[in-house]
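As structure tokens, the structure follows; a few thoughts come after it.
Since this is a predicted model, take the numbers as computed values, not measurements. Proteins get letters first, then strands, A, B, ... in listed order; numbering begins at 1 in each.
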Number of protein chains: 2
Amino acid sequence: MTGDLFAPSRGRPRVVIVGGGFGGLRVARGLRHARADVVVIDRVNHHLFQPLLYQVATALLPPGDIAPPLRQILADQANTSVLLGEVTAVDPATRTVRADTADGADRAVPYDYLVIAAGTTDNYFGHDDWAAAAPGMKTLYQAIGLRSRLLHAFEAAAAAPDPGTRREWLTFAVVGAGPTGVELAGQLAALARRTLRREFHDLDPTHLRIVVVDAGHHVLAPFPQQLRRHTQRQLRRLGIEIVLGHTATAVDDTGLTVAPADSHDGSRRISARTVVWAAGVKPVPLAARLAAATNAATDHKGRVVVGDDCALPGHPDVFAIGDIANVHDLPGIAEPAIQQGRYVAELIKHRLGHRPHPGPFRYRDLGIMATISPFDAVADIRGLRLHGPLGKAAWAGVHLGFLVGWANRAAVLATWGWALGTRRRRQQLILTEATG
Amino acid sequence: MTGDLFAPSRGRPRVVIVGGGFGGLRVARGLRHARADVVVIDRVNHHLFQPLLYQVATALLPPGDIAPPLRQILADQANTSVLLGEVTAVDPATRTVRADTADGADRAVPYDYLVIAAGTTDNYFGHDDWAAAAPGMKTLYQAIGLRSRLLHAFEAAAAAPDPGTRREWLTFAVVGAGPTGVELAGQLAALARRTLRREFHDLDPTHLRIVVVDAGHHVLAPFPQQLRRHTQRQLRRLGIEIVLGHTATAVDDTGLTVAPADSHDGSRRISARTVVWAAGVKPVPLAARLAAATNAATDHKGRVVVGDDCALPGHPDVFAIGDIANVHDLPGIAEPAIQQGRYVAELIKHRLGHRPHPGPFRYRDLGIMATISPFDAVADIRGLRLHGPLGKAAWAGVHLGFLVGWANRAAVLATWGWALGTRRRRQQLILTEATG
């Protein structure tokens, strides 16, 4: 019974994992045969395959296809329970975490080993008040809300008789030219040009405007120059405006003001009824609380600095992995979290006495990829640099491979094929209290 | 340009259709070759296949599969535009409707012919304050919200150490034993017993309680007695409690109080953290406004009484069809709306001068069906009475047939087969602001 979770562990040691993302889920799976009770605590009831989230926001994929329920993934693990709740505090002294649980209570969950893999939240760099006007795209709930916003903008444009107002509704600004911003902008162009164009006879396609703003001087900064250049060229070919070296200085429901990153002179206004925030993320507040509770350092990104065994200094039974932790300053993508999760599972099994010590954590860089358009993606796989259809094929293969569940893989593949063939999307739903 | 919608029609007459449900959509499709401009106005951007809505609420079908966008359905109709907005008033004198349009404006749309097919909303029989504690299931938005509620109840039960609280979370009350209530209760039992049971090791299945309450003395009142008996027997076999002859006298977040329909003596309390309202519907407020504007009568259900040509008395160019209208006092199901829609399209084409007069509207009763469990449904098809697997086969065939779009049919069929085979569901998503 989950009720037992709130009592001290009896006999078998208990491993509490906070977060069912790429890192946390890998720890849980790695412990499926361990002589321990495993508890996964998450705010949401599903594992989210974030790399395809923008395809939910653009009405291509149904949410369920990239978000299998944690309980379904872990149903075959007799030693594992799932608890829906938000962990609010960690107390190494009493070896407990505090959680607001699904039944509305605040409870203490004792642990013998603790793995914090709670991930990140949108970073507005001190302008949290921009969140309402410029929502991010970190959670499934946000992506579905964004989908309604994007589709509603086209409906509003179609309803507005005044061309000026139409243009504002058909202008979409994306803040951030990293993979998230680039992939969202590219998909949005495809949604508008390939799909909606046939459904909105009454809109003038030349009124569509997609603007991507970034403080840096490159799109896809982490990628090699050759691929950055290709991406920028292709985005421009798709009619996407790219404004580099500029930061947002004001954001509201009617648009945003951008200024050169180094000065406020030459600031200009972009009138856009839809602004999406893809400028960056930061660790969830739990990270700072964890650091404070364990006297651990945090880096300039707010990540908890852990040892090369992913444990917190002086707390060998407390681990932090994924975007919330800094070990070797790895990028905030899925692969480091997955490899850290696998590593921590091995290390815990060693401590439990049925595995050799895995040695220190070493990251094996498998590369990065980002998609641009239906037939174009860039990929840098351990020095092998691909773009165009070849890059897209590699991208599709890798993403299908990392999806959890064969049914999801089959469904996503079928949806991609159908959408390419018919230029239609089957999830074009505006869902709000007002409009059902 | 849609902008022209707000100017008087020039040359070609304009047919304004309010509502893209079974009735309204059929009118629009029927007019696709007519020499007229057709405008479909709806609050939502999709056509909803309501007969399968409970399968969205129970995490079986993704919303998009039963809700194709109106613009996608009508994309091939050059003479048809779609306007997202809510029609708030009708003025026959100026031949205009007023609408709150997607861009946030209040505009007048002139018409030459008007078809009101705006449908119904939940009927709380004077207790609208119960809506928050006992949501209905009329819109996709409601169904997705209900899905979160149902799944969250199981998570809350799993998190609650106290057995009493667990029982409350695992008690689900459905008010209304018509097709909606029966189908939801049956699917909920299947969700709990076939799917969630494997994912919640920590819950005691005997704690699950599903109660269906109805003021009448039968389940599925509109069905022949033999099928009502079968349904009641099967529901009880599924462990569903059926409380007939009782109405709700109080509803809140912790449950509801029911009393015999004829007196308040013998009232009793059902502690349930989840209450669903399926007790009945009433025409949207626009119906009363339409009646007032045209001096038409309304019946005891609030439906506008129209002539046997579906037109409002004294207003041959204004039609009301579907659940909002009373012609021959037909039941509030899809088929009458579909046949009325087809009829009104023919009648308008006659008026436009390129079709013979179709004569008065005659309803052809094709029968009724309702599903009970994965392998059992009842059907009364023009006297042919089916139940069990045969009924289910007929039910499945008819429902797939009426779905709009081959891709949707294929997807729904695949989902049904996969769920039957694996006992899993792929849309188990709790989506709230708090839990993502």
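Qualifying ring-ring contact (aromatic ring centres under 6.0 Å, His included) partners for Phe22(A), counting only residues two or more places apart in sequence or in other chains: His47(A), Phe49(A). Among residues two or more places apart in sequence or in another chain, the salt bridge (Lys or Arg N to Asp or Glu O under 4.0 Å) test is passed with Arg198(A) by none. Partners of Arg107(A) under the salt bridge (Lys or Arg N to Asp or Glu O under 4.0 Å) rule, at least two apart in sequence or in another chain, are Asp103(A).
You'll find the side chain of Ile430(A) stays beyond 4.5 Å of the side chain of Val44(B), heavy atoms only.
Among residues 415-423 of chain A, the residues having any heavy atom closer than 4.5 Å to a heavy atom of chain B are, in sequence order, Trp418(A).
Across Ala414(A), Ala407(A), Ala67(A), the residue that shares the most heavy-atom pairs under 4.5 angstrom with chain B is Ala407(A). In terms of non-hydrogen atom pairs under 4.5 Å with chain B, the most contact-rich of Gly104(A), Ala105(A), Pro69(A), Gly405(A) is Pro69(A). Contacts with chain A were tallied for Ala59(B), Gly85(B), Ala102(B), Pro68(B); Ala102(B) has the most, counting heavy-atom pairs under 4.5 Å.
Rounding to the nearest 0.5 Å places CG of Leu140(B) at 5.5 Å from CG of Leu431(A). For the atom pair CD1 of Ile144(B) and CG of Leu429(A), the computed distance is 7.0 Å after rounding to the nearest 0.5 Å. Note that the CD atom of Gln428(A) and the CZ atom of Arg71(B) stand 10.0 Å from one another [nearest 0.5 Å].
Using a 4.5 Å cut-off between heavy atoms, Thr80(A) contacts chain B through its backbone alone, with no side-chain atom that close.
Between the side chain of Glu155(A) and the main chain of Val82(B), no donor-acceptor pair closer than 3.5 Å is present. The main-chain N or O of Ala75(B) is found under 3.5 Å from a side-chain atom of His201(A) such that the two form a donor-acceptor pair.
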